Each structure stands twice: as structure tokens, then as C-alpha cells.
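All figures in this text were calculated on a predicted structure; none of them were measured in a lab. Just so you know, residue 1 is the first one in the sequence shown, and it goes up from there. FYI, side chains are in, hydrogens and waters are out, and symmetry mates aren't considered; it's all heavy atoms of this structure.
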Amino acid sequence: VEKILKVDPKFNVDDFLFGSTTFFKMVLESFAKGEIDNIAEYLKASVLKSFKSAINERIKEKETEIIELISIKKNEIRTVNITKTSIKISVFFETLQIRALMNKDSKVIDGDKDNEILVKDEWVFERKINSDNPNWVLVETKSV
């Protein structure tokens with residue numbers, strides 16, 4: 001965090017983690033609904049393409065995704081990478097979720113709509129150092 005403060009004296013860890021958690025919830029909700037246009041400007045093009053591809057595949061197969069965030073057990077900064085032009089922060093999320101994929105007949109084909117599971121994700125956010133735009137962009141997501 002000290003490294004970040006050298007290039008961005010206004011950086012606040014609590015604000016960043018609150019914002020990343022709020023965004024995490026928004027992404028899960030938008031992805032499950034298949035409506036990600038409202039968050040597209042905060043996604044790197046490759047992440048947006050990946051999300052759209054998964055959503056389009058669901059639509060084609062007439063499937064419905066259920067993602068219910070029960071609780072966030074942990075969210076913490078894992079790594080920080082600073083270059084001359086940008087800051088990248090990796091955030092670890094450990095959450096309890098209900099996840100299920102339903103077919104066109106509303107039958108569960110993956111997951112379980114009645115039992116929560118522990119989900120561990122790592123999301124990488126990036127922001128240009130000299131930008132007037134204070135928003136971070138999601139540049140990578142992965143399950144851990």
C-alpha cells in the first residue's frame with residue numbers, strides 16, 4: 001500500500017476494498033441476469049468479451065444462471081504491481097454463494113440451487129496513474 005501512496009497519495013485501502021466489493025456484487029448480478037452493458041465501461045475489453053461469450057452461450061442453449069451471493073467472508077489485497085503508467089491491484093474474494101445453471105426446462109444441469117458453496121476468486125483491477133478518471137477497470141478474473 002505504501003508503494004501505491006507514493007504514486008497516488010489519495011489512495012485509501014478501505015475505500016478501494018469497499019468499492020471492489022460493491023463492484024463484485026454488481027458483476028455477479030449483471031452476469032447472472034445476462035445484462036452487462038451497465039458495467040461494460042469498467043471492464044477490460046477481453047474480460048467483457050469473455051463475459052458476453054458465456055452469456056451468449058447460455059442464451060443460445062436457453063439456460064438460466066442463478067448466482068446468489070450469501071456472504072463475503074474475505075476480501076483482501078493480495079498483490080500490487082506498479083508500472084510507469086498504471087497501478088494493478090489483485091483482490092482475493094472468498095464468498096459463500098448459491099450457484100446453479102438451469103436448462104430450458106428449469107432443471108438444474110450444473111451446481112445446486114439449494115446449497116451454498118465456498119467460492120474463491122482473484123480479480124485484478126487497474127487504473128492509469130495520471131488519469132483524471134478515478135475509476136478502476138477489471139482486467140482479469142480467475143478462480144483460485
Side-chain angles (χ1 to χ4, degrees), residues 1 3-4 7-8 10-144:
V1 174
K3 292 192 291 185
I4 299 171
V7 294
D8 184 358
K10 296 179 200 159
F11 181 80
N12 179 295
V13 174
D14 293 335
D15 290 347
F16 175 81
L17 288 174
F18 177 80
S20 67
T21 300
T22 301
F23 187 67
F24 182 84
K25 294 173 186 175
M26 283 175 58
V27 170
L28 290 185
E29 186 177 299
S30 297
F31 181 77
K33 288 180 180 175
E35 301 169 1
I36 56 172
D37 289 341
N38 62 324
I39 57 169
E41 69 181 288
Y42 307 108
L43 303 174
K44 183 178 178 180
S46 59
V47 174
L48 179 61
K49 183 179 177 184
S50 174
F51 286 173
K52 281 188 173 187
S53 175
I55 290 167
N56 289 337
E57 184 65 23
R58 273 196 332 243
I59 291 168
K60 188 177 102 182
E61 298 295 327
K62 296 180 175 62
E63 297 169 341
T64 304
E65 181 95 25
I66 295 172
I67 303 175
E68 184 181 339
L69 182 61
I70 305 301
S71 67
I72 296 178
K73 296 172 67 72
K74 189 184 289 186
N75 82 314
E76 62 189 19
I77 294 174
R78 281 278 169 96
T79 60
V80 174
N81 184 15
I82 299 173
T83 66
K84 289 181 181 178
T85 59
S86 68
I87 304 168
K88 282 188 182 176
I89 299 177
S90 166
V91 179
F92 173 73
F93 293 96
E94 186 175 279
T95 62
L96 289 175
Q97 299 178 25
I98 291 178
R99 297 186 77 122
L101 187 62
M102 319 283 281
N103 67 12
K104 64 182 180 214
D105 300 319
S106 298
K107 182 178 178 214
V108 176
I109 55 174
D110 189 32
D112 185 338
K113 64 178 186 173
D114 299 316
N115 293 301
E116 58 192 39
I117 58 169
L118 183 67
V119 179
K120 296 178 181 182
D121 290 303
E122 188 172 320
W123 288 20
V124 180
F125 297 90
E126 181 179 39
R127 190 174 79 74
K128 300 296 179 204
I129 291 173
N130 294 323
S131 173
D132 291 334
N133 186 344
N135 295 320
W136 293 81
V137 174
L138 181 63
V139 297
E140 182 183 340
T141 66
K142 63 182 175 184
S143 296
V144 288

Q.
Pair I98, I70 - check side-chain contact (heavy atoms from CB on, under 4.5 Å), show working.
A. CA-CA 7 Å; I98 291 178; I70 305 301; 4.0 Å; yes
Q) Quick one: CD1 on I67 to CG on L101, what's the gap to the nearest 0.5 Å? A) 9.5 Å
Donor-acceptor list for residues 14-27 side chains, cut-off 3.5 Å, not counting sequence neighbours:
from: S20; atom 1: OG; to: F16; atom 2: O; distance (Å): 3.4
from: S20; atom 1: OG; to: L17; atom 2: O; distance (Å): 3.0
from: T21; atom 1: OG1; to: L17; atom 2: O; distance (Å): 2.8
from: T21; atom 1: OG1; to: N75; atom 2: ND2; distance (Å): 2.6
from: T22; atom 1: OG1; to: F18; atom 2: O; distance (Å): 2.9

Q: Give the intermediate values and the outcome of side-chain contact (heavy atoms from CB on, under 4.5 Å) for residues L96 and L118.
A: CA-CA 5 Å; L96 289 175; L118 183 67; 4.1 Å; yes
Q. For the residue pair G111 and V108, what are the closest heavy atoms and their distance?
A. O-CG1, 3.4 Å
Q.
Could you tell me if the side chain of M102 sits less than 4.5 Å from the side chain of K113, heavy atoms only?
A. yes
Q) Are the side chain of T83 and the backbone of T85 linked by a donor-acceptor contact shorter than 3.5 Å? A) yes
Q | Side chain proximity check, E65 to R99, heavy atoms < 4.5 angstrom | A | yes
Q: Would you check if I89 and F11 make a side-chain contact, meaning some heavy-atom pair closer than 4.5 Å?
A: yes
Q.
I'd like to check I87 versus W136 (side-chain heavy atoms, cut-off strictly below 4.5 Å). Are they in contact?
A. yes
Q. What's the verdict on side-chain contact (heavy atoms from CB on, under 4.5 Å) for L138 and I39, showing C-alpha distance, side-chain angles and the deciding distance?
A. CA-CA 10 Å; L138 181 63; I39 57 169; over 6 Å; no
Q. Out of curiosity, N130 CG to K84 NZ, how far, rounded to the nearest 0.5 Å?
A. 12.5 Å
(Q) Could you tell me if the side chain of I82 sits less than 4.5 Å from the side chain of I129, heavy atoms only? (A) yes
Indicate every side-chain donor-acceptor pair of residues 44-57 with a distance under 3.5 Å to a residue at least two apart or in another chain.
from: N56; atom 1: ND2; to: K52; atom 2: O; distance (Å): 3.2

Q.
Nearest 0.5 angstrom please: F93 CZ to E122 CD, how far?
A. 10.5 Å
Q: Answer yes or no: is there a side-chain heavy-atom contact under 4.5 Å between L28 and Q97?
A: yes
(Q) If we ignore hydrogens and angles and just use 3.5 Å, is the side chain of D105 paired with the main-chain N or O of K107 as donor and acceptor? (A) no
Q: Can you establish whether the number of heavy atoms outside N133 located under 6.0 Å from its atom CG is more than 12?
A: yes
(Q) Show, in sequence, the C-alpha distance, side-chain angles and deciding distance for E61 and N103, and conclude whether the side-chain contact (heavy atoms from CB on, under 4.5 Å) test is met. (A) CA-CA 8 Å; E61 298 295 327; N103 67 12; over 6 Å; no
Q. Could you give the distance from CD (E94) to CD (E76), rounded to the nearest 0.5 Å?
A. 8.5 Å
Q. Roughly how far, to the nearest 0.5 Å, is CG of L43 from CG of D37?
A. 10.0 Å
Q: Output the distance between atom OG (S86) and atom NZ (K128), rounded to the nearest 0.5 Å.
A: 4.5 Å
